[in-house]
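Have a look at the structure below, then the notes.
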Amino acid sequence: MDTHDTQSDARPVLEGPDIARVLTRIAHEIVERAKGADDVVLLGIPTRGVFLARRIADKLEQITERKVPCGSLDITMYRDDLRMHPPRALARTEIPGDGLDGKLVVLVDDVLFSGRTIRAALDALNDIGRPRAVQLAVLVDRGHRELPIRADYVGKNLPTSLRETVKVQLAEEDGRDTVLLGAKPASQ
Amino acid sequence: MQRHLISAADLTRDDAVLILDTAEEMARVADRPIKKLPTLRGRTIVNLFFEDSTRTRISFEAAEKRLSADVINFTAKGSSVSKGESLKDTAQTLEAMGVDAVVIRHGASGAPYRLANSGWIDAAVVNAGDGTHQHPTQALLDAFTMRRRLVGPDAGLGQDLEGKRITLVGDVLHSRVARSNVDLLHTLGAEVTLVAPPTLLPVGIETWPCEVSYDLDSTLPKSDAVMMLRVQRERMNAAFFPTEREYSRRYGLDGDRMARMPGHAIVMHPGPMVRGMEITAEVADSDRCTVVEQVANGVSIRMAVLYLLLGGNEPAVTHPRTEEK
């Protein structure tokens, strides 16, 4: 996940209405594949994955007229690069009341990149319960996987170079909805 | 955050709040069927206990194991220390074994500071109580318990204890818990009042960032939390008060006194409790008494401290082991 601040030459590749549209599509795809979303639980990966998961949950509720459990899953303690950086502050893990056993868990994140975040999330899920199946929904897939991990629902495939950064901004955190593609700062 | 945790006075407000917030997340691990995180896998932590303490040692051990660290327990009894080995030699033995962190409890005030700053050892040092000096993780778990009860577990995130009025009652003179709590609670913005017989207050108390009173009854109605300190019989080598009965009548907490506290106020005790003397069974067993919660919170706080000291790369990178001596 890229977390750099706005670069001067960053250009938007998805704007607010596009993001709303792709999330609606993802919600429909989830209902279609899960045949009604009866046992679906959405788990967002902090920070922005949580907001996206809530938005998808709202859309699922509109489609199925049933409340879909939605939580968050912090993967910090499961990262394989913990020892390469100073310790990070932990974010919130919130598992819906009924737990995950036997459920179809859809992990939600903003950007899919190396795949290491998702590997950590799968490890974390292991310790929390035993879902019937786990699927992955991402707003942007920018490629450059380092692990054999693939998303089930992709908002936008965005072929990028490693010299670029992808920054997702969401209204809940950043005041506006947009996906920015920019050049990596020279110091990186 | 620093590499070591020696004294509660070393923590800034932001450090302390970060530890409390991290502990809030760690507490959630305790509610799960699998109470384990892979975070410190492959790291070795030694619990170096020169002084008896079952409660603190098992609390640290539980925290270390929940973070998947390799744990070595070392008690001075029956070890080379009883044969006359010095702290320096013990430290160098541990260093040679490639230990990442040392949790030390020592009867001498300042032993953890010496271990951390003498260059004998490269590991992170966590003070688990030294003499009458400091017990920082105890102060942190007390502050955590207060924040949970007085502000709320979720509402408390990112918050300190600004404006809360905390009263500590009992043997301040011998109490590292009191010292650590006064330092930390002051940092977190609380107003602290110490209540004790004059004989159990240390010289120089007027320089501490707190109020002092000899009268428990007048302090109770304006306290958000009352922490009873243990009367340390093992350190009562002189006559600090005439009789246990008199101490109990003036400074013990019973049902009548508890009724004078505000409705939301809590009763705390670092344990082990001497029932009947400092605290009556009625108070100890009431809903307002947080002793059992404090024990559970101790594991969460120690997990948070160990994660923040050892979870990242800083000790390993800034102090490469290969340069050693």
Side-chain angles (χ1 to χ4, degrees), chain A residues 3 41 43-47 49-51 54 69-103 105 115-132 134 147 172-173 188, chain B residues 1-3 5 14-44 63 66-69 100-101 124 153-158 300-301 303-321:
Chain A
T3 51
V41 177
L43 284 186
I45 297 176
T47 313
V50 178
F51 304 129
R54 285 190 201 139
C70 181
S72 63
L73 181 67
D74 180 48
I75 53 99
T76 307
M77 308 291 275
Y78 293 84
R79 294 181 72 96
D80 58 7
D81 62 354
L82 266 180
R83 289 198 197 182
M84 298 175 195
H85 307 280
R88 302 172 10 141
L90 302 186
R92 184 50 56 111
T93 291
E94 200 93 53
I95 302 301
D98 291 344
L100 305 177
D101 292 349
K103 302 285 172 62
V105 171
R116 289 178 188 266
T117 298
I118 304 306
R119 184 210 60 82
L122 293 172
D123 277 357
L125 277 181
N126 242 346
D127 285 353
I128 293 168
R130 189 180 182 282
R132 171 172 71 78
V134 183
L147 296 169
E172 294 93 328
E173 176 89 1
Q188 293 290 306
Chain B
M1 215 166 130
Q2 311 183 359
R3 279 186 66 228
L5 180 58
D14 287 350
D15 279 341
V17 170
L18 173 66
I19 296 173
L20 300 186
D21 287 352
T22 306
E24 199 63 65
E25 293 307 318
M26 297 296 185
R28 292 160 171 270
V29 176
D31 299 333
R32 304 193 328 203
I34 299 175
K35 300 175 182 48
K36 196 137 175 121
L37 294 163
T39 314
L40 296 184
R41 212 178 57 193
R43 302 244 171 166
T44 308
R66 282 188 189 170
L67 291 171
S68 303
D100 295 295
D154 287 326
L157 283 179
S300 306
I301 278 289
M303 287 173 77
V305 166
L306 291 169
Y307 165 66
L308 292 170
L309 288 179
L310 293 179
N313 61 347
E314 284 175 334
V317 170
T318 53
H319 301 269
R321 291 187 187 292

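Here is the naming used below: chain letters follow the sequence lines, and residue numbers restart at 1 for every chain. These numbers were taken from a predicted model, which means no experiment stands behind them. The figures that follow rest on heavy atoms only: side chains count, while hydrogens, waters and symmetry mates do not.
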Derivation and outcome, side chain to side chain contact (heavy atoms under 4.5 Å, CB included), residues A:M77 and B:L67: CA-CA 9 Å; A:M77 308 291 275; B:L67 291 171; 3.6 Å; yes
Residue B:K36 versus chain A: region with a heavy atom under 4.5 Å: backbone
Under 4.5 Å from any heavy atom of chain B - which part of A:M84: backbone
Top of B:P33, B:A304, B:G311 for chain A proximity - count of heavy-atom pairs under 4.5 angstrom: B:G311
Where A:P87 and B:G312 come nearest, the two heavy atoms and their spacing: CG-N, 3.6 Å
Atom pair CD1 (B:I34) and CD1 (A:I128), whose distance is rounded to the nearest 0.5 Å: 9.5 Å
Residue that, paired with A:L90, satisfies side chain to side chain contact (heavy atoms under 4.5 Å, CB included) out of B:D21, B:T22, B:L18: B:T22
Region of A:R88 that comes under 4.5 Å of a non-hydrogen atom in chain B: both
Salt bridge flag under 4.0 Å for residues A:R92 and B:D154: yes
Per-residue contact mode, A:A91 against chain B (heavy atom under 4.5 angstrom): backbone
Gap separating the OG1 atom of B:T39 from the CG atom of A:L82, nearest 0.5 angstrom: 6.0 Å
Distance (rounded to the nearest 0.5 Å) between B:R32 CZ and A:I95 CD1: 8.0 Å
Portion of A:D81 that has a non-hydrogen atom of chain B nearer than 4.5 angstrom: neither
CZ on B:R41 to CZ on A:R83, rounded to 0.5 Å: 8.5 Å
